[in-house]
Amino acid sequence: MNTASVAQHYGSAGIADRVLAAFREANGPDAAVTPEALAPFDHFHGRGVAATQELATQLALHSGERVLDIGCGIGGPARWFAAKFGAEVTGVDLTPEFCAAAEALNAATGLSGRITILNGSALALPVPVPDDTFDAAYSQNVIMNIADKRQFYREAFRALRPGGRLALSNLCAGPSGEPYFPVPWATTRDMSFLAAPDEMRADLLAAGFEIADFRDITAQTREAQRRTRERIDKGDMPKIAVDIIMGERASEMQRNSIRTIEDGRGLAIEALVRKPG
Ligand SMILES: C[S@@+](CC[C@H](N)C(=O)[O-])C[C@H]1O[C@@H](n2cnc3c(N)ncnc32)[C@H](O)[C@@H]1O
């Protein structure tokens, strides 16, 4: 896989300005910029902040825990975890424009002191991510871009302390063929790598993790997507993160993502795994 093409798929100039403009349009010019109020605009994955909150519940975070966000995007989930749970978050992302947007929005919410953003790859986490350090980690809708999944899980395993937990949300391969492209995570098939659920389990076990929970949430995802499609069809969609980030391509990508899941070409999986110790 060419990681430059993945970063090119996602990146564009001025993302933080566009997020803040959408936020002000919805909330008025003087509204306080908080993680809650930003949530429709900065959680870049299906089911938005509700899905982030599910990961948080799975991780059962305590205040002051060190948390690694692998593929942090523009930082909505990192700000949520820092603000709601008192976590000290390190976010790593491949796309430089996303890292710049994350830092600008961290500053706008007053959370820069609690969140560190690093530009780099999940397959070779940047140098400031030491071994055996993080209490918890999570990765939301990133693994679909990763060809070498075992290396992804090995790096997460390395960064976690013994007993550390990792929560994942991921789209796995369905039985009925490949996704319809473009989708929000890939313009073309050469940057999309969906593993079957059994392969995901096997890769996690091969990296050394114990599996605490492994759930297929495709039914809930279908229901949320049905509501999204009704709004797209009516043309009265309020702007959310995917629209702001992917621009004119967003509607087609969302329709394809919905069809992919409806037609059994993608399965939504959430997992909680643990590093033994
Ligand atoms: C759909 S976005 C999700 C962003 C964020 N997790 C969220 O939920 O708001 C996928 C993210 O994965 C990142 N990504 C893809 N491949 C990566 C890699 N090899 N290393 C680090 N980040 C990667 C992209 O840059 C993008 O930010």
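Because the structure is a prediction, the values reported are computed rather than measured. Side chains included, hydrogens not; waters and symmetry mates left out as well; all remaining heavy atoms used. Start at 1 and go down the list; that is how both ligands and their atoms are numbered.
- Remark: ligand 1 atoms within the under-4.0 Å shell around heavy atoms of G71 are 4 (C), 5 (C), 6 (N), 22 (N).
- Judged by the shortest distance from any of its heavy atoms, N141 lies inside the 4.0 Å radius around the atoms of ligand 1.
- Residue L267 is not grouped with residue I261 when hydrophobic side chains (ILVMFWY) are merged at heavy-atom distances under 4.5 angstrom, including chains of intermediate members.
- Residue contact check for ligand 1: W185 places no non-hydrogen atom closer than 4.0 Å to it.
- V89 shares a hydrophobic cluster with V49, L55, L59, L61, V67, W80, F81, F85, L111, I115, I117, Y138, L272; the chain of contacts runs through ILVMFWY side chains whose heavy atoms sit under 4.5 Å apart.
- Between the side chains of Q140 and T52, at least one donor-acceptor pair of N or O atoms lies under 3.5 Å.
- Under 4.0 angstrom from ligand 1, there are no non-hydrogen atoms of I74.
- Residue C72 places a heavy atom under 4.0 Å from ligand 1.
- Ligand 1 places these atoms under 4.0 Å from at least one heavy atom of S121: 19 (N), 20 (N).
- Under 4.0 angstrom from ligand 1, the non-hydrogen atoms of N145 all belong to its side chain.
- Once rounded to the nearest 0.5 Å, the distance linking OG1 of T95 with CD1 of I74 reads 11.5 Å.
- Note on R226 versus E262: no salt bridge recorded, every NZ/NE/NH1/NH2 to OD/OE distance being 4.0 Å or above.
- Closest of all the heavy-atom pairs between R79 and L38 is NE-CD1, 4.2 Å.
- Salt bridge absent: K239 and E25 never bring a charged side-chain N and a carboxylate O closer than 4.0 Å.
- Each of the following atoms of ligand 1 lies closer than 4.0 Å to a heavy atom of T95: 24 (C), 25 (O).
- With respect to the salt-bridge test (charged N to carboxylate O, under 4.0 angstrom), the residues R274 and E210 do not qualify.
- Applying the salt bridge (Lys or Arg N to Asp or Glu O under 4.0 Å) test to pairs two or more places apart or on separate chains, those with a residue in residues 149-176 are E65-R165, D131-R158, D135-R161, R150-D203, E155-R158.
- Checked by distance only, ligand 1 and Y10 stay at 3.5 Å or farther apart across all their nitrogen or oxygen atoms.
- Residue-ligand proximity, H45 to ligand 1, at heavy-atom distances under 4.0 Å covers atoms 7 (C), 8 (O), 9 (O).
- Ligand 1 lies within reach of D93, whose nearest heavy atom is under 4.0 Å from it.
- Taking 4.5 Å as the limit, every side-chain heavy atom of F157 sits out of range of all side-chain heavy atoms of D132.
- The distance criterion of under 3.5 Å between nitrogen or oxygen atoms is not met by P77 with respect to ligand 1.
- In terms of polar-atom proximity, defined here as any N/O pair under 3.5 Å, V142 makes no such contact with ligand 1.
- Only side-chain heavy atoms of F98 come within less than 4.0 Å of ligand 1; its backbone N, CA, C and O stay farther off.
- When the heavy atoms of G91, G75, A122 are ranked by distance to atom 20 (N) of ligand 1, first place goes to A122.
- Residue contact annotation: G120 has a non-hydrogen atom under 4.0 Å from ligand 1.
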